[in-house]
Amino acid sequence: MFAIKDLGPLHYFLGIEVVRSGLDLILSQKKYISDLLHRSGLSDCKPVSSPMSSSQVLLPNDGPLFSDLTKYRQVVGALQYATLTRPDIAFSVNKVCQFMQAPSENHWTAIKRILRYLKGTADLGLRIRHHSDSVLHAFTDAHWTDSVQAYSDSDWVGCPVDRRSTGGFAVYIGSNLVSWLARKQRTVSRSSTESEYKALADTVAQGDLSVKFISTNDQIADVFTKPLSSQRFLSLRSNLVSANNFTGSIPESFGNLTNLEDFRIDGSSLSGRIPDFIGNWTNLTRLDLQGTSMEGPIPSTISLLTKLKEMMITDISGSSSSGFPDLKKMTKMTRMSLRNCLLTSSIPEYIGQISGMKHMFLNNNSLSGEIPGWIFKNKEKMLVIQLNYYHYIYILIYLTIILRSLTYGIVSHLVCHSLFINCGGTRTNYANNEYEEDLTSEQSYFYSIQERWAYSTNGLFMGNDRAPFIAMSSNVTGGDIYRTARASPTSLTYYGLCLRKGSYKVRLHFAEISYTDDMTFRSLGRRYFDISIQGILQAKDFNIAEKANGVGRGIFVDFDNVMVNGSTLEIHLYWAGKRTTAIPDRGVYGPLLSAIAITPNYDVRTGSGLSAGAIAGIVIGSCIFTGLILAMLWKKGYLGGDKEDKGSHA
């Protein structure tokens with residue numbers, strides 16, 4: 001018997017820092033890396049964006065011997081320990097380990113590049129997520145198979161000296177990376193096929209795994225087998241380390257990454273103001289800051305990023321509004337999203353002179369002034385523009401809803417007490433209720449004519465302009481209404497029109513039918529969106545699969561005592577830029593809704609409709625009011641004539 005002492009939660013152990021983020025753990029070696037840089041005399045070095053150049057080939061005896069063999073071996077050994085939480089340097093460290101016997105000056109230069117990379121990325125680490133799918137039960141082989149995913153790859157004849165290939169693998173339990181490897185294969189392979197099979201055999205030896213094909217673009221293990229370009233390396237690194245999952249602000253040291261070409265931190269919990277030093281990234285071609293907790297305004301230094309082709313900055317928090325950022329020199333821009341960025345000024349005329357611009361999204365801002373004439377005049381260019389909440393467009397949309405609500409509800413005496421809609425599907429019976437069909441595949445605003453409800457969507461799916469707005473799957477439980485769903489890249493809104501004043505229960509049906517729960521790439525997708533009813537946020541970061549305890553399972557969520565004081569009930573689903581956007585394919589993200597049921601909390605037999613005189617007065621008054629607004633817009637040139645725009649969406 002001996003006494004033990006509870007030291008409390010783990011924070012630091014053998015050079016590994018443990019940071020808690022909710023129920024998750026983040027493992028990093030920031031202090032260890034800082035000490036290593038100090039011992040190596042590189043504390044003030046200039047960071048680089050990748051640990052090894054894609055064109056670099058290291059060979060024995062390729063230069064003068066390095067003068068300090070002990071220092072070389074000490075630093076390499078320290079780097080090996082750093083790979084405990086930094087799988088992104090596993091390949092480059094393995095490479096410099098191969099010259100421990102007689103290192104040259106070129107080999108030491110390769111080590112310094114690894115250290116320079118660590119200098120700029122010391123905050124990165126591994127995130128261990130708390131997730132039900134990652135629980136591993138002892139002696140339960142079936143659960144092991146469902147939870148484990150592995151990726152293997154090889155670089156045939158990766159070593160030009162002994163002709164042996166380089167193999168690598170990454171093994172996940174759930175969404176957590178738990179094992180990885182980068183090393184030379186033991187024997188020479190006579191073909192690339194043989195090399196791939198050897199890498200696959202090493203991976204399968206880690207457990208009872210079935211074999212699936214994965215495309216080269218999504219091959220995570222590529223990072224363990226060969227030096228990659230900065231853009232390719234950064235893309236794969238996001239699947240290995242938790243660059244997008246840390247809290248706090250972007251480290252100041254990132255301002256030194258002047259060679260950075262691609263920076264994406266979508267869906268992270270980073271906060272603080274968008275830093276001015278992003279203006280240092282003058283080689284940047286793509287900037288994604290979607291769905292973070294960062295605050296505005298957009299810094300003026302963004303005007304220095306003249307090589308940008310794609311810029312996605314959305315959902316900025318805070319209360320500091322700003323004018324439209326200076327993008328005059330960004331002549332290479334093809335896609336731009338400044339959705340919900342607290343912008344208040346007008347759209348500059350020079351935006352119309354960017355010849356390559358194909359998509360521009362300015363939703364949810366308080367833009368003012370007149371709509372630029374170039375939007376309507378560039379008929380040769382298929383420019384897709386989203387300007388909802390731009391004052392005139394928003395007035396038109398809302399007037400359309402009001403007018404149709406009146407004409408189809410009051411004139412026809414069709415006062416609704418309940419609504420049942422099968423989103424994206426055919427008319428069907430479910431739970432003794434007849435759900436109306438909703439088959440229209442319109443990508444922008446659409447209003448139902450024959451029925452007593454309407455829906456609207458906006459945006460285009462990133463990376464796949466042709467992605468469908470209706471999802472379908474037969475592999476789902478719970479009923480036929482879960483086999484289809486309506487999707488949207490940003491905003492999905494349903495309107496119940498002509499509802500009688502009173503209290504209602506809103507039941508929303510969901511099923512995650514775009515992802516799987518097997519060992520394939522499709523199982524890595526995560527969908528988050530917000531739910532608001534009558535303008536009140538009801539659920540933030542709603543995850544269908546998490547709520548249903550799995551994919552392909554139909555569930556419903558009830559929202560009771562929803563008050564309708566006029567005649568319209570609004571259900572709004574909104575994507576705030578969080579979680580995956582390209583799994584299993586590009587354009588799979590955003591709100592997904594299977595069905596809607598709206599039922600009254602009052603006795604439908606009580607009360608009475610409006611008198612004929614009241615109906616006539618309301619309709620006539622509404623028509624006059626709408627006519628005046630439309631006449632004003634026509635006079636200003638926003639309707640008809642030369643300013644008709646067939647290529648834009650509002």
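Side chains included, hydrogens not; waters and symmetry mates left out as well; all remaining heavy atoms used.
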*side-chain hydrogen bond (donor to acceptor under 3.5 Å, both in side chains) between T490 and R339: does it pass, once the steps are laid out?*
CA-CA 9 Å; T490 54; R339 189 183 74 241; 5.3 Å; no
*Under the side chain to side chain contact (heavy atoms under 4.5 Å, CB included) criterion, do C97 and Q80 qualify, and how do the steps go?*
CA-CA 9 Å; C97 283; Q80 285 183 314; 3.2 Å; yes
*What pairs meet the ring-ring contact (aromatic ring centres under 6.0 Å, His included) rule with one or both residues in residues 285-318, with sequence neighbours excluded?*
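Matches after skipping sequence neighbours: none remain.
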[Y] backbone acceptor or donor facing [X] side chain under 3.5 Å:
X: K332; Y: T306; value: no
X: E105; Y: H107; value: no
X: R73; Y: D68; value: no
X: N280; Y: G255; value: yes
X: S317; Y: M294; value: yes
X: T334; Y: K309; value: yes
X: S34; Y: K30; value: no
X: N106; Y: D62; value: yes
X: R273; Y: E295; value: no
X: E17; Y: K31; value: yes

Supply the atom-to-atom distance [X] [atom1] to [Y] [atom2], rounded to the nearest 0.5 angstrom.
X: F99; Y: L65; atom1: CZ; atom2: CG; answer: 13.0 Å
X: M333; Y: T285; atom1: CE; atom2: OG1; answer: 11.0 Å
X: M52; Y: I111; atom1: CE; atom2: CD1; answer: 11.0 Å
X: T331; Y: K328; atom1: OG1; atom2: NZ; answer: 13.0 Å
X: D88; Y: I114; atom1: CG; atom2: CD1; answer: 10.5 Å
X: R527; Y: K578; atom1: CZ; atom2: NZ; answer: 16.0 Å

Which atom pair, heavy atoms only, marks the closest approach of [X] to [Y]?
X: S514; Y: V588; result: CB-CG1, 3.7 Å
X: Q29; Y: A82; result: OE1-O, 2.9 Å
X: V96; Y: A110; result: CG1-CB, 4.0 Å
X: V551; Y: Y515; result: CG2-O, 3.7 Å
X: I89; Y: L79; result: CD1-O, 4.1 Å
X: L36; Y: A78; result: CD1-CB, 3.6 Å

_Full working for side chain to side chain contact (heavy atoms under 4.5 Å, CB included) between L118 and R86_ = CA-CA 9 Å; L118 291 176; R86 296 298 300 271; 3.6 Å; yes
*In sequence, state the C-alpha distance, the side-chain angles, and the governing distance for D530 and D541, and then conclude on side chain to side chain contact (heavy atoms under 4.5 Å, CB included).*
CA-CA 5 Å; D530 301 340; D541 297 337; 3.9 Å; yes
Counting C-beta onward and ignoring hydrogens, is there a side-chain heavy-atom pair between [X] and [Y] closer than 4.5 Å?
X: V48; Y: R113; answer: yes
X: L308; Y: L327; answer: no
X: N543; Y: E512; answer: no
X: L14; Y: Y32; answer: no
X: L115; Y: V75; answer: yes
X: M330; Y: I302; answer: yes
X: F361; Y: M312; answer: no
X: T292; Y: I274; answer: no

*Could you go through the side chain to side chain contact (heavy atoms under 4.5 Å, CB included) check for F263 and L284 one step at a time?*
CA-CA 8 Å; F263 187 75; L284 209 63; 4.0 Å; yes
*Partner of F542 under ring-ring contact (aromatic ring centres under 6.0 Å, His included), chosen from F529, Y528, W575*: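 The passing option is F529.
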*Does R286 have any side chain to side chain contact (heavy atoms under 4.5 Å, CB included) partners at least two apart in sequence or in another chain, and if so, which?*
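With neighbours one apart ignored, the set is D262, R264, D288, E310.
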_Lys/Arg N to Asp/Glu carboxylate O, R39 vs D35, below 4.0 Å_ =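 No, no charged N to carboxylate O under 4.0 Å.
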_Over 60° means perpendicular and under 30° means parallel, so tell me whether F66 and W108 are parallel, tilted or perpendicular._
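It falls in the parallel class, under 30°.
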